[in-house]
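Both backbone and side-chain heavy atoms feed into the values below; hydrogens, waters and symmetry mates do not.
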Amino acid sequence: MEHHPIVIIGAGFGGLGLGVRLRQAGIRDFVILERTANLGGTWSRNTYPGAACDVPSSLYSYSFAPNPGWSRKYGRQPEILDYLRRTAEDHGVTGHLRLETEVLKARFDEDARHWHVTTSSGELTAGILVSAVGAFAEASVPEISGLAGFGGTIFHTLHWDHDHDLTGERVAVIGTGATAVQVVPEVQKSARELRVFQRSAPWIVPRLDRTITPAEKLAFRALPVAQRLHRGGWYAAIESFGLPGFVSTKFRHPFEVLGRLQLLRQVRDPELRARLTPDYMIGCKRAIFSDTYYPALCQDNVELVTERIEEVRPHGIITADGTEHEVDTIILATGFTATPALMDRIEGTGGRTVLDAYRERPQSYLGAANAGFPNMFTVLGPFGAAANQSAIYMIEGQIDYIVDAVRRLREAGYRRVEVRREVQEAFVDEVHARSGSGTWLKGGCSSYYTNGRGANSGLYPNWSFEYRRRTRRFDIENYEVSR
């Protein structure tokens with residue numbers, strides 16, 4: 001059977017970044033499995049109109065692969081995907097890719113001390129398995145009565161139908177999260193009628209997007225330190241979101257003022273403004289950066305619907321007040337499943353899957369390892385992501401931690417490694433203890449920040465620079481290792 005010392009699942013920012021850092025460390029005996037035909041992860045699959053990042057480009061990129069040629073302050077989907085392709089090519093990672101290879105199941109073999117992996121392309125074994133599938137891999141489709149019987153066109157933003165022309169149509173967008181805020185202004189330009197179905201109003205703060213001037217690009221190329229300083233400035237600004245998030249709800253007020261001023265400035269109609277005013281603290285859900293969403297809702301061909309959806313009929317949507325909204329196309333901007341892919345198909349010791357472990361409560365050690373799953377690491381696992389910082393910054397901490405683990409294990413000749421259960425439990429207790437003071441839990445809403453019991457569902461409730469300190473080296477003393 002084909003064997004690889006390291007198998008990485010997923011070719012998004014996590015998997016590709018890990019591949020780059022492994023090669024830079026002189027480790028080249030790895031393979032990256034990707035179920036789709038393209039690298040890029042979420043940036044190859046989310047191709048809806050207006051798709052862009054809500055973190056400035058200089059920060060939403062690898063520190064070890066800066067790009068001085070960003071065209072805009074906030075990178076858009078095609079440019080981010082192109083950046084990932086160039087980075088993979090420039091660092092020799094593309095030769096490690098196996099595209100259109102979906103992992104169907106993975107099981108740890110205790111006797112052989114390796115993973116047995118079943119893929120759509122065949123069987124293989126792995127000395128170390130790394131899950132870098134990400135949290136936004138599967139579309140969440142709401143359970144609405146009659147949805148399957150709709151007679152028009154229906155699709156999720158993750159599976160955008162580019163062959164379907166919305167020009168002159170009556171369109172419904174269900175959802176008002178980050179994706180909807182980007183989609184609505186684009187759909188409004190072509191639809192005859194657009195109805196936006198809102199369950200709860202999001203907090204919108206100024207985005208201030210703009211093109212990067214030729215002079216700035218020249219400065220970034222000639223003086224790389226200039227781009228590093230620019231990146232550092234945005235890092236500090238975004239890190240400050242942790243103050244209301246997990247320190248104390250009293251820090252929310254300056255951020256809420258920004259949101260209220262944006263609403264007051266862009267929405268003149270007091271009745272519409274009232275319906276767009278959030279009824280929970282900022283940070284309880286993900287705050288969204290946009291300068292175009294509110295103006296789009298103010299256009300004559302747009303209607304904001306806040307009544308609950310009761311059912312979908314062949315030609316329209318029925319709301320709780322009995323109104324039938326006739327539409328030709330329904331766009332589901334309803335986000336992603338809370339359960340990451342593969343959780344029910346990765347089986348550790350004792351026959352327990354990752355999903356079995358998470359049912360008890362979300363758990364991991366540093367978001368990078370899990371007791372009961374030897375020789376396995378994760379990227380952006382539970383408590384490895386921060387709502388107050390760029391995901392790429394957190395990813396870099398984890399991939400450097402994993403690379404150091406591989407290096408140290410090989411030097412010592414260890415074939416089995418597993419985080420100590422008591423270490424993991426202490427870490428999980430710590431993050432839950434730190435989570436109870438801010439708007440993530442006390443903000444008065446429900447979101448993917450919390451689980452069904454109202455507890456932290458997987459965010460790291462501390463400063464990201466503190467997390468990077470903890471992941472700077474592989475702390476082998478907190479693991480059980482054997483030869």
So, are [X] and [Y] salt-bridged, with charged N and O less than 4.0 Å apart?
| X | Y | value |
| --- | --- | --- |
| Asp328 | Arg170 | yes |
| Asp269 | Arg273 | no |
| Arg275 | Glu271 | yes |
| Arg85 | Glu89 | no |
| Asp54 | Arg286 | yes |
| Arg210 | Glu216 | yes |

Using modelled atom types only, decide if a donor and an acceptor are shared between the side chain of [X] and the backbone of [Y] within a distance under 3.5 Å.
| X | Y | answer |
| --- | --- | --- |
| Arg45 | Gly40 | no |
| Ser57 | Gly75 | yes |
| Ser457 | Tyr448 | yes |
| Thr176 | Ser200 | yes |
| Tyr358 | Thr353 | no |
| Asn301 | Gln188 | yes |

Of all heavy-atom pairs between [X] and [Y], which one has the smallest distance, and what is that distance?
| X | Y | result |
| --- | --- | --- |
| Val302 | Ala296 | CG2-O, 3.3 Å |
| Ile399 | Gly14 | CG2-O, 3.9 Å |
| Thr334 | Val141 | OG1-CA, 4.4 Å |
| His164 | Thr329 | NE2-OG1, 2.9 Å |

**Prompt:** By salt bridge (Lys or Arg N to Asp or Glu O under 4.0 Å), which residues pair with Arg313, not counting sequence neighbours?
**Reply:**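 Glu311.
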
**Non-neighbouring partners of Arg468 that pass salt bridge (Lys or Arg N to Asp or Glu O under 4.0 Å), sequence neighbours left out** =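 Testing Arg468 for salt bridge (Lys or Arg N to Asp or Glu O under 4.0 Å), a comparison that skips the adjacent residues, returns none.
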
**Prompt:** Under a 4.5 Å cut-off applied to non-hydrogen side-chain atoms, are Val187 and Ile331 in contact?
**Reply:**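 Heavy-atom side-chain distance check passes, below 4.5 Å.
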
**Request:** Give every residue pair that meets the disulfide bond (SG atoms under 2.5 Å apart) criterion with at least one member in residues 252-327, sequence neighbours excluded.
**Result:**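 Only Cys284-Cys445 qualify under disulfide bond (SG atoms under 2.5 Å apart).
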
**Message:** I need the full list of disulfide bond (SG atoms under 2.5 Å apart) pairs touching residues 136-169, with sequence neighbours left out, sorted by first then second residue.
**Reply:**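 Non-adjacent pairs meeting disulfide bond (SG atoms under 2.5 Å apart): zero.
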
**Prompt:** Is there a donor in the side chain of Gln198 and an acceptor in the side chain of Thr306, or the other way round, less than 3.5 Å apart?
**Reply:**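 No - no donor-acceptor pair under 3.5 Å links their side chains.
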
**Message:** For a quick check under 3.5 Å, do Thr101 and Glu34 share a side-chain donor-acceptor pair by atom type?
**Reply:**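 The criterion, which ignores hydrogens and geometry beyond distance, is not satisfied for Glu34 and Thr101.
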
**Item:** Step-by-step side-chain hydrogen bond (donor to acceptor under 3.5 Å, both in side chains) determination, Gln424 to Asn370
**Value:** CA-CA 7 Å; Gln424 177 173 301; Asn370 228 307; 3.2 Å; yes

Ring centroid separation [X] to [Y] under 6.0 Å:
| X | Y | result |
| --- | --- | --- |
| Phe255 | Trp203 | no |
| Phe197 | His325 | yes |
| Tyr74 | Tyr60 | no |
| Phe427 | His432 | no |

**Message:** Evaluate Ser63 against Glu396 for side-chain hydrogen bond (donor to acceptor under 3.5 Å, both in side chains), listing each step before the verdict.
**Reply:** CA-CA 8 Å; Ser63 63; Glu396 284 196 31; 2.6 Å; yes

Under the ring-ring contact (aromatic ring centres under 6.0 Å, His included) test, residues paired with [X] that sit two or more places apart:
| X | result |
| --- | --- |
| Tyr460 | Tyr467 |
| Tyr393 | Tyr235 |
| Tyr293 | none |
| Tyr294 | none |

Please name all residues satisfying side chain to side chain donor-acceptor pair (under 3.5 Å) with [X], sequence neighbours left out, ordered by chain then number.
| X | answer |
| --- | --- |
| Asp300 | none |
| Thr323 | Asp321 |
| Ser435 | Asn456 |
| Arg76 | none |

**Prompt:** Do the ring planes of Trp160 and His162 sit parallel (below 30°), tilted (30 to 60°) or perpendicular (above 60°)?
**Reply:**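 It falls in the tilted class, 30° to 60°.
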
**Asked** Are Gln77 and Asn46 close enough, and set up right, to give a side-chain hydrogen bond (donor to acceptor under 3.5 Å, both in side chains), and what steps lead you there?
**Response** CA-CA 8 Å; Gln77 181 266 336; Asn46 283 277; over 6 Å; no

**Prompt:** Quick one: is the NZ or CZ of Lys285 closer than 6.0 Å to the six-membered ring centre of Tyr449, and within 45° of its axis?
**Reply:**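 No, a cation-pi geometry is absent between Lys285 and Tyr449.
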
